[in-house]
Amino acid sequence: MSPFLLLLLLLVLSVAGYFIGQYKALNLARKAGGASRLHSLPVYYGMLTALWCCLPAFFMFLIWLGFEQTIVTGLMVADLPETARSLPPARLNLLIKDIQSLASGNIVSGEITPLMRQAAAHYVELQGIGKMITSVIVLVASVAGMLTLHRHIRPELRARNHVEKVVMGLLVVCSTIAIFTTIGIVLSILYEAVRFFRQVPVTEFLFGLEWSPQMAIREDQVGSSGAFGAVPVFAGTILISAIAMLVAAPIGLMSAIFLSEYADKRLRAVAKPMLEILAGVPTVVYGFFAALVVAPMIRGSGAQIGIDVSSESALAAGLVMGVMIIPFVSSLSDDVINAVPQSLRDGAYSVGATRSETIRHVLVPAALPGIVGGLLLAVSRAIGETMIVVMAAGLSANLTANPLQAVTTVTVQIVTLLVGDQEFDSPKTLAAFALGLVLFIGTLFLNIIALTVVRKYRERYE
Amino acid sequence: MQEVLKQNIVEKRILAPRDSRKTIGNINVPNPRMVCRNVNVYYGDKQAIRNVSIDIGCNEVLAMIGPSGCGKSTFLRCLNRMNDTIDSCRVTGEILFDGRDIYDPSVDVVPLRAQVGMVFQKPNPFPKSIYENVAWAPKIHGIVESKSDTDEIVESSLQKAGLWEEVKDRLDQPGTGLSGGQQQRLCIARAIAVSPEVILMDEPCSALDPIATAKIEDLIEELRAQYTIAIVTHSMQQASRVSQRTAFFHLGDLIEVGTTETIFTKPSHQLTEDYITGRYG
Ligand SMILES: Nc1ncnc2c1ncn2[C@@H]1O[C@H](COP(=O)(O)OP(=O)(O)OP(=O)(O)O)[C@@H](O)[C@H]1O
Ligand SMILES: [Mg+2]
């Protein structure tokens, strides 16, 4: 039975369990004289039966999925002839991989021998048996769960409390998924980054002023031996993000204030979605715009007043990126300013405050946590943005604070390090993970700082 | 049963489009601070106040009573143009404050609202410190120049509002951290910090316990010496305790005005009598 079919069956059984449980509870209630004699409403008995029906069986199913590969492969290897089993581990592994590919109809690395063919058939057979056994176990568990609970349904059974506990458990599981994913990401980056730091010292990476990750692949190749000083790259990220925020923060905040406090309802209904469209434009399109319109414009006006501007500049990328992230600031800020209770506005107006005083002294402070949230979201978008930078700011890692020069950013470097044919354990590729790690830690700190600011502020004002 | 049915029919008739009903009693006072003539208020197409005319005298407390939804808050909010913040709201008629029509296009609402302060049904202190809550309005109006001026105004306002003793050691703590009754007195202190001439109060005690209510009623009595006060209340006892004149509203009409004593002892209109004796609403 295919897993999908099995799950479907499980679902059907649970629904049946729900009705059976509810039916019994209703019967009991009738005998005892009214639903108020039961501890919980009849639906809860139904739900509890359904949960007993599906949860244990589902766990069995998950456990089998987890171990299926190992068990089936183990059994298959055990049945291989002695000559094959005594191969060195690397060769044996290859053989097993081949057999598995053969069994699932994929391409095999070497020549197909009768031995492999036989083993593959055996493998398929074992898999079939395994599936069958699981199906039986899962279904038996399901029915057994249903019957056990069914026997236990009595008026005193605290069905609602049990159901609520299970639901709470599910909620906890869901909320930890995000945490575990984060931990998983960190660990995987960390693992690769540590491999990198074995080849390049941490201090050189963090404090080196030269970034030129090209390595000679062959001995006789001309080319640099690789310099992994990440400072220019991070400086580029900070420079471009700062320019973008200089554009986005004031414009976004002002448009939020305009939309929430000054614009009339009809204008707001039109203008807000229009602003949000900005966030929906693909970044590649922004990239075009930056490279084809904004950068030449900046260079042109620079030339007129006698300043030398390179054709790819941090300024062009930053400006366009700033426009892109305006909606992150404006939309969120607008929502929170709107959510400030009308009574606060009334209070301010009633002592004769003007609209702008009310906004500056009452509304913005009250909405600050949300505004900071919007700004943070915008910063993280700016830091993570790649496409605009590639197209408008270039790839060369200059260490400069001059926005008129070409710079590069962390994300751009990660991409360029990882594209193309690479050995996966050369410092060049591994450097990408180190960059990723530092970026991760950086944004983490940014978040922590912002949260502390907001908390301090809340303590003062709430 | 019969009576209830009859009353329902009467109400249906009143809710239909109609002319305003005539006000019983003397709407004039010898020394008016605010004069309202033929005030109509509409929310969109719906009329919430019909042809209301009434004077509010200097140094008097005017109580406004009436069943829920009859337009007391609406009328009160007309007096300092707080209704401007509601888009659909339209006001016609004349409201004179010290002889000037406050709905005249040349009138600036900002100084008007500084002169006609307001206290709301729900305490709404700003998310600032207690000190800042009181000091903010004088600061933005430029009433205070130095820190010592501000300190003085904060102290005197809080003292007038009867809150000083309770908060003098924690002025830098958030105003929202006070109890409901203290917050309401803070809002009163905030309103009197800019020395208004009229204070409008919309059910200021509806969320408070009897002790806090008594404090605020004492406060109103004291404030009357300097200010003109219009207060909306649902409590007949409160109206009779604090006010000199009482106005009874019913479904947007001003039914009866008179001295508080007359209204509560010898009401002229049947509806007034029903309302204050508890037979209605
Ligand atoms: N913002 C508004 N938009 C539309 N109609 C409103 C608005 N505010 C009040 N109204 C209507 O105007 C009428 C008078 O309302 P108002 O709030 O003045 O009553 P009230 O006498 O203060 O009642 P309560 O004693 O319950 O506070 C009601 O019918 C109400 O539905
Ligand atoms: Mg009201």
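Per chain, numbering begins at 1; letters A, B, ... match sequence-line order.
For chain A, no part of B:Pro123 is nearby; none of its heavy atoms comes within less than 4.5 Å. Heavy atoms of B:Val119 lying under 4.5 Å from chain A are absent altogether. Heavy atoms closer than 4.5 Å to chain A are found in the side chain of B:Arg77, but not in its backbone. Interface remark: B:Asp87 contributes side-chain atoms only to the contact with chain A (heavy atom separation under 4.5 Å).
Taking the ring pair (Phe, Tyr, Trp, His ring centres under 6.0 Å) definition, one finds that B:Phe249 meets it with B:Phe75, sequence neighbours left out.
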* Mind running side chain to side chain donor-acceptor pair (under 3.5 Å) on B:Ser73 and B:Asp202 for me, showing each step along the way? => CA-CA 6 Å; B:Ser73 303; B:Asp202 193 351; 2.9 Å; yes
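Counting only N and O atoms by type, the side chains of A:Arg345 and B:Asn124 include no donor and acceptor under 3.5 Å apart.
Ranked by heavy-atom pairs shorter than 4.5 Å toward chain B, the options A:Val362, A:Asp346, A:Leu344 are led by A:Asp346.
With respect to the salt-bridge test (charged N to carboxylate O, under 4.0 angstrom), the residues B:Glu155 and B:Lys168 do not qualify.
In terms of heavy atoms, A:Ile251 sits closest to A:Ile326 at CG2-CD1, 3.6 Å.
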